[in-house]
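Since the structure comes first, as structure tokens, the remarks are kept for the end.
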Amino acid sequence: MEKVWAEDAPLTVTAVAEGVYVHQGVHEESGPDNLGAIANIGFVVGRDAVAVIDTGGSAAVGRRLRAAIAAATPLPVRYVINTHVHPDHILGNAAFRADAPEFVGHRALPDALARRGPHYLEAARRDLGEGAAGTELVPPTATVADRRDIDLGGRVLTLQAYPTAHTDNDLTVLDTATGTLWTGDLLFVERVPAIDGSARGWLAALDRLAAVRAARVIPGHGPVTTDWPGALADLRRYLTTLVEDIRALQRRHATIEQAMDQAGAAERGRWTLFDAYHRRNVAATFTELEWE
């Protein structure tokens, strides 16, 4: 994987389908060596305009993504679509302000960003140091409550909002011309998922996602895949195991601390960054299921 540095050389992107470009993030925590380029981000080029799907974890990454777009096409960036609120997907937005695009997100995104954004900025400055320079919060100027189609000129992107799952503001993007589905973090591949919404809601979202006809899928983290809906299997197993283990422990009146030690233990070794996120996933799901 490419390391991302502070200079504004174009970000390395791969054309995974005609007019669909992706930069695959590294399986790391955000830090000065990667400047927050840990999520999959990219863009789609139509006949008349470009839509960006997520912008990375800092303005520096966003600027490099903007440079990659300029190297690929002279067309204007008319849309910046954020798949959800997490900083590795949204903190590069400021790099696109000069384009005056429509910034688009889930209906619940503005509230989530208002509540969490200051903390995200503080964490970026702490974790990235000088690499966070220029990073600002850029809220959506348009939101999606259910579904919206965006026409880039002979190329329609279908944006779909989901109920609470990975977060309470998940949005997917389907490029109907090539059958390319950007799932945001509703799909993790290789990297352990992070539950910031509802494990049960996420499982329900996976059922909806599986019904989407797609030729290839760009997850929020991990490699692009054509194994669809097979690519959902590992994530579904993880979430199902977590829910079933926690329910069994709660029936035995186990504490949340005991659950964090035991629930989902079989998944260790199957995911990168497991120890960084799994215990907090257990804690969140334990609290959710306690009130069933």
Side-chain angles (χ1 to χ4, degrees), residues 1-17 19-46 49-105 113 117 120-121 123-140 152 157 173 175 180 182 184-185 191 218-224:
M1 291 291 179
E2 178 197 22
K3 294 291 185 181
V4 179
W5 308 101
E7 67 268 17
D8 292 346
L11 201 63
T12 300
V13 294
T14 300
V16 298
V20 180
Y21 297 84
V22 180
H23 175 80
Q24 185 178 329
V26 293
H27 289 329
E28 300 171 357
E29 298 280 40
S30 291
D33 284 345
N34 58 48
L35 295 182
I38 64 173
N40 294 341
I41 60 178
F43 56 99
V44 179
V45 181
V50 176
V52 178
I53 295 94
D54 287 335
T55 57
S58 67
V61 174
R63 289 193 298 269
R64 293 195 63 188
L65 178 60
R66 186 63 186 89
I69 295 169
T73 176
L75 291 172
V77 174
R78 289 190 183 157
Y79 303 95
V80 172
I81 302 164
N82 290 129
T83 61
H84 63 292
V85 74
H86 285 160
D88 50 327
H89 295 261
I90 203 168
L91 286 186
N93 282 8
F96 294 89
R97 269 185 163 153
D99 294 286
E102 194 172 327
F103 290 92
V104 187
L113 188 61
Y120 290 160
L121 280 181
R125 291 164 185 152
R126 179 192 67 230
D127 296 339
L128 307 184
E130 294 180 359
T135 301
E136 302 172 15
L137 300 177
V138 180
L152 302 179
L157 304 182
V173 182
D175 171 35
T180 301
W182 301 72
D185 280 2
R191 178 183 173 122
I218 301 167
H221 297 268
V224 177

Report task. Examine distances only and state if a side-chain atom of Asn40 and a backbone atom of Pro223 form a donor-acceptor pair shorter than 3.5 Å. Result -> no
Report summary line: When Arg66, Arg63, Arg78 are each screened for salt bridge (charged side-chain N to carboxylate O under 4.0 Å, His left out) with Asp99, the one that passes is Arg66
**Report entry** Validation row: Leu121, Arg125 side chains within 4.5 angstrom (heavy atoms)
**Finding:** yes
**Report entry** Check: Ser58 side chain, Ala132 main-chain N or O, donor-acceptor pair, under 3.5 Å
**Finding:** no
Query - Closest contact, heavy atoms only, Val80 versus Pro101 - result: CG2-CG, 3.8 Å
Query raised in the report: Side chains of Leu128 and Thr135: closer than 4.5 Å at any heavy-atom pair?
Result: no
**Report entry** Contact summary for Leu157 and Ala51, nearest pair of heavy atoms
**Finding:** CD1-CB, 3.6 Å
Query raised in the report: Pick from Leu65, Thr14, Ile69, Val45: which one makes a side chain to side chain contact (heavy atoms under 4.5 Å, CB included) with Tyr21?
Result: Val45
Requested in this report: Could you tell me which non-hydrogen atom of Leu35 sits nearest to which non-hydrogen atom of Gly131, and how far apart they are?
Outcome: CD2-CA, 3.5 Å
Report task. Would you indicate whether the side-chain heavy atoms of Val138 and Phe96 approach each other to under 4.5 Å? Result -> no
Query raised in the report: Are any side-chain N or O atoms of His23 and backbone N or O atoms of Val13, one a donor and one an acceptor, separated by less than 3.5 Å?
Result: no
Query raised in the report: Should the ring pair His89 and His84 be called parallel, tilted or perpendicular, given that the plane angle runs from 0 to 90° and is split at 30 and 60?
Result: tilted
Query raised in the report: So, the side chain of His221 versus the backbone of Ile38: is there a donor-acceptor pair under 3.5 Å, distance only?
Result: yes
Query raised in the report: Between the main-chain N or O of Leu137 and the side-chain N or O of Asn93, is there a donor-acceptor pair closer than 3.5 Å?
Result: no
